[in-house]
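The block underneath contains the structure these notes are about, expressed in structure tokens.
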Amino acid sequence: MSGDSPSAEGSEAGRDESLFSAPPMAEQERMVEAMLFASAEPLTAAELAARMPQGCDAAEAVQKLRRRYEGRGVRIVRVGDAWAIRTAPDLGWLMHREVVETRRLSRAAIETLAIIAYHQPVTRAEIEEIRGVALSRGTVDQLLELDWIRFGRRRMTPGRPVTFVVTQAFLDHFGLESARDLPGLQELRAAGLLESRPPAGAGAAPDEDADAQEAPPRGQSELFED
Amino acid sequence: MSGDSPSAEGSEAGRDESLFSAPPMAEQERMVEAMLFASAEPLTAAELAARMPQGCDAAEAVQKLRRRYEGRGVRIVRVGDAWAIRTAPDLGWLMHREVVETRRLSRAAIETLAIIAYHQPVTRAEIEEIRGVALSRGTVDQLLELDWIRFGRRRMTPGRPVTFVVTQAFLDHFGLESARDLPGLQELRAAGLLESRPPAGAGAAPDEDADAQEAPPRGQSELFED
Amino acid sequence: MAQGDESWEDGATETVAERRAAEALIVDVDGFEGPLDLLLTLSRTQKVDLRRVSVLQLAEQYLAFVERARSLRIELAADYLVMAAWLAFLKSRLLLPPDPEEDGPSGEELAAHLAFQLERLQAMRDAAARLMGRDRMGRDFFARGAPEAEGVSRRVSYSATLLDLMQAYARLRTRDEFRPYAFDRPDVYPMEQALERLRGLIGHGPDWTRLSAYLPEGWTDAPGRRRSATASTFAATLELARLGQVEIRQGETFAPIQIRRKPEA
């Protein structure tokens, strides 16, 4: 705003005050650095100053910080009348892999994957039986391509159907030591990932008690028994 | 150059090549700086290295960068086996605009989280024993959803119960380099309070092996391997 | 506290105060997370190192507490009563000389374990408080506010978490749990199938034909399968007769059953 003679007229009036209260410039630089880093939007000098203690010179601190970052991996750039931290343009190629577009797996794929993980080695027919619908080629292809499943050995039954198993890449992705570490049904239920079956006959709703933060009544714990 | 870095055997074959092609360390530092700045999530040395040219030593570059940022407004922090840039904690007051209001955790959830962190890997039954009250579904669910806990490997005891461990997101949130850095962990262990039963004899030093034969594996010992 | 407001009914002051105390007790019971929590609170009033807490005194306090609560006809959770019974047992163990005949842990050992449990719970509460008191991301320190993710190479990565996987599986399995009970037996020939088959065949046989001729292939050899197919086919002909599409006749008892398409009227 006021170029290289910051707040010239302001300092006239408040010189004494600011002399004593303003933090050293190195400290102001730290503040600006932290704010620019954490902010989702570019910040103007005025916005920076508004958050800093009285007597600070945000514009000056930005300039100092900008010089400090010259030649580094990131730079302080001007965006309109605001400031932001951006990676150096010559390093843009490093960011390319950053832009992986993540999509959620389709429900069919995740269910198929879950069945393979829990039942491996498992045949196509068995997967279809559990899901109750035919297994599309696209689903299998996708999971094969992701390297999350692979063909296992053939089942020694008529037709010698091929089986599917999960891969090491699958275990790595899901942070599992082995497929045997997948929680069982009881544990899923205990963790609240599974609606508990309504108790036969009784119309009571045990779930309501269980969600209360206090001790659930004893009866509830039986549902959780491993 | 490779020292203790990965790809030791790879460098056998391509030593000449990497000797000539690896960029200078200052340049590697810039690359790491750019990548860490660009990402909101911690990145492992392996992830950094995967994007850098062959022959680079990401771990070394991170160390150099870390030293460079000491005392600045942002710092390079270690989160498990990954690295991230975070603002200096003493400047938190500047960022009040960035604060995201988080759901208040119930007392049950906070205690359960602490027990998992300090006793991990820990089973549901052990958590219930320590708190003296059944663990409600909502509590586990909430912690799983926050991505602060996850299922660990199964305990090799009858029933093979699943265990809970804390996640990298937990470490990141609480500014911990590793679960070993939990406040007071050493004192608690020395006092025998991370065991499942009181130390044998009054005030005797808790000996590591005495009840190992039947007690669950000591918490906080085997979790660090991943 | 009790004075002032209660002036409207002089004699009732004490009763009201009493009732308030009693109600406070009820509230307290609700406020505790289980017997261990209650015991820990009680033990704090002893103001001693938890390792040296007087378990005997603690048991007295707990039992008195539970007794008072019960006298107010509070339905105490079973946990509290189980703990009360156990503490009464422990008390007797601590007061009586040890029985040399008896195996198992001594009263002192049980008491030591209880003291340990209390100390451990307290330690975890303290640890939890310290944990929550740490500098926390999003409150005291911050991650990158504007992560940069521009670039040219766009790669699609499909993501799924373990939670997704488990929930998917849970969804499938619960659906399974609710599947109506059904026979999955290979040797049962369903009537629906017989009906379907007869509908297709009946048009081609205007003359009287034995029922057995309509049995499906592969169902005539094994006696069990033949019986099932015969029963289903017969039931199907009854259904078609009811609909006015076929006629059925039988010469005498146990004679072959014959069917034909009902002649057009």
Side-chain angles (χ1 to χ4, degrees), chain B residues 34 36-42 74-75 77 84-93 95 98-100 102 105 107-108 110-115 117-119 129-134 144-145 147 150-151 172-176 182-185 187-188 191-195 197-199 202-203, chain C residues 31-40 50-52 77-80 82-83 105 108-151 161-163 165-167:
Chain B
L36 291 181
F37 258 98
S39 172
E41 304 295 323
V74 297
R75 346 175 270 169
V77 297
I85 300 184
R86 301 288 178 249
T87 61
D90 67 304
L91 297 176
W93 56 274
M95 253 68 70
E98 255 69 56
V99 171
V100 195
T102 45
L105 283 180
R107 181 174 132 183
I110 292 169
E111 285 183 17
T112 302
L113 179 65
I115 291 168
Y118 282 81
H119 289 259
E129 207 211 290
I130 293 171
R131 294 196 64 237
V133 69
L144 281 170
E145 223 167 83
D147 192 25
R150 63 175 177 84
F151 290 102
D172 200 7
H173 183 90
F174 290 98
L176 293 162
L182 284 163
L185 183 67
E187 294 88 318
L188 287 171
L193 291 170
L194 300 181
E195 312 285 322
R197 53 196 67 240
Chain C
F32 289 116
E33 282 201 75
L36 213 52
D37 189 16
L38 171 54
L39 275 168
L40 185 57
L50 277 172
R51 269 164 292 190
R52 286 172 190 74
D79 292 3
Y80 286 85
V82 168
M83 178 61 90
E108 278 74 19
E109 281 164 342
L110 293 175
H113 188 76
L114 179 61
F116 167 74
Q117 280 181 291
L118 295 177
E119 194 191 355
R120 187 176 58 179
L121 179 57
Q122 184 59 51
M124 278 301 112
R125 296 228 159 124
D126 296 343
R130 285 163 80 177
L131 189 61
M132 300 314 277
R134 283 184 68 84
D135 286 340
R136 288 164 65 181
M137 189 161 70
R139 190 188 71 185
D140 305 295
F141 62 93
F142 295 81
R144 185 77 166 114
E148 290 173 68
E150 83 260 29
T161 66
L162 189 57
L163 202 59
L165 192 72
M166 294 185 309
Q167 273 167 339

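Looking at C:Arg120, the atoms closer than 4.5 Å to chain B (heavy atoms on both sides) sit in the backbone and in the side chain alike. In this structure, the portion of B:Leu188 lying under 4.5 Å from any heavy atom of chain C is its side chain and not its backbone. Residue contact with chain C, scored on non-hydrogen atoms closer than 4.5 Å, involves the backbone and the side chain of B:Glu129 alike. Looking at B:Leu105, the atoms closer than 4.5 Å to chain C (heavy atoms on both sides) all sit in the side chain, from C-beta outward.
Within the model, atoms CG of B:Leu193 and CD of C:Gln117 stand 12.0 Å from one another, a figure rounded to the nearest 0.5 Å. Going from atom CZ of C:Arg139 over to atom NE2 of B:His173 covers 7.5 Å, rounded to the nearest 0.5 Å. For the atom pair CZ of C:Arg130 and CG of B:Leu185, the computed distance is 10.0 Å after rounding to the nearest 0.5 Å.
Looking only at heavy-atom pairs under 4.5 Å with chain C, the residue among B:Leu36, B:Leu113, B:Ile115 that has the most is B:Ile115. Ranked by heavy-atom pairs under 4.5 Å with chain B, the list C:Pro35, C:Ala115, C:Ala123, C:Ala127 is led by C:Ala127. In terms of non-hydrogen atom pairs under 4.5 Å with chain C, the most contact-rich of B:Pro42, B:Gly184, B:Ala34 is B:Gly184. The candidate with the highest count of non-hydrogen atom pairs below 4.5 Å against chain C, out of B:Pro89, B:Ala84, B:Ala88, is B:Pro89.
Between B:Arg107 and C:Arg125 the shortest side-chain heavy-atom distance falls below 4.5 Å. Looking at B:His119 and C:Met124, their side chains come closer than 4.5 Å, going by heavy atoms from C-beta outward. Side chains of B:Arg75 and C:Phe141 form no contact here, defined as non-hydrogen atoms less than 4.5 Å apart.
The pair B:Arg86-C:Asp135 does not meet the salt-bridge criterion, since no charged nitrogen lies less than 4.0 angstrom from a carboxylate oxygen.
In terms of heavy-atom proximity, C:Ala143 sits nearest to B:Ala40 at CB-O, 4.0 Å. Annotation for C:Asp140 and B:Thr87: closest pair O-OG1, 4.5 Å, computed over non-hydrogen atoms. Between C:Glu33 and B:Val133, the closest heavy-atom pair is O-CB, 3.9 Å. Minimum heavy-atom separation, C:Met137 to B:Asp172: CE-OD2, 3.5 Å. A pairwise comparison of heavy atoms in C:Leu36 and B:Gly132 identifies CD2-CA, 3.7 Å as the closest pair.
Put simply, the side chain of C:Arg144 gets close to the backbone of B:Phe37: a donor and an acceptor are under 3.5 Å apart.
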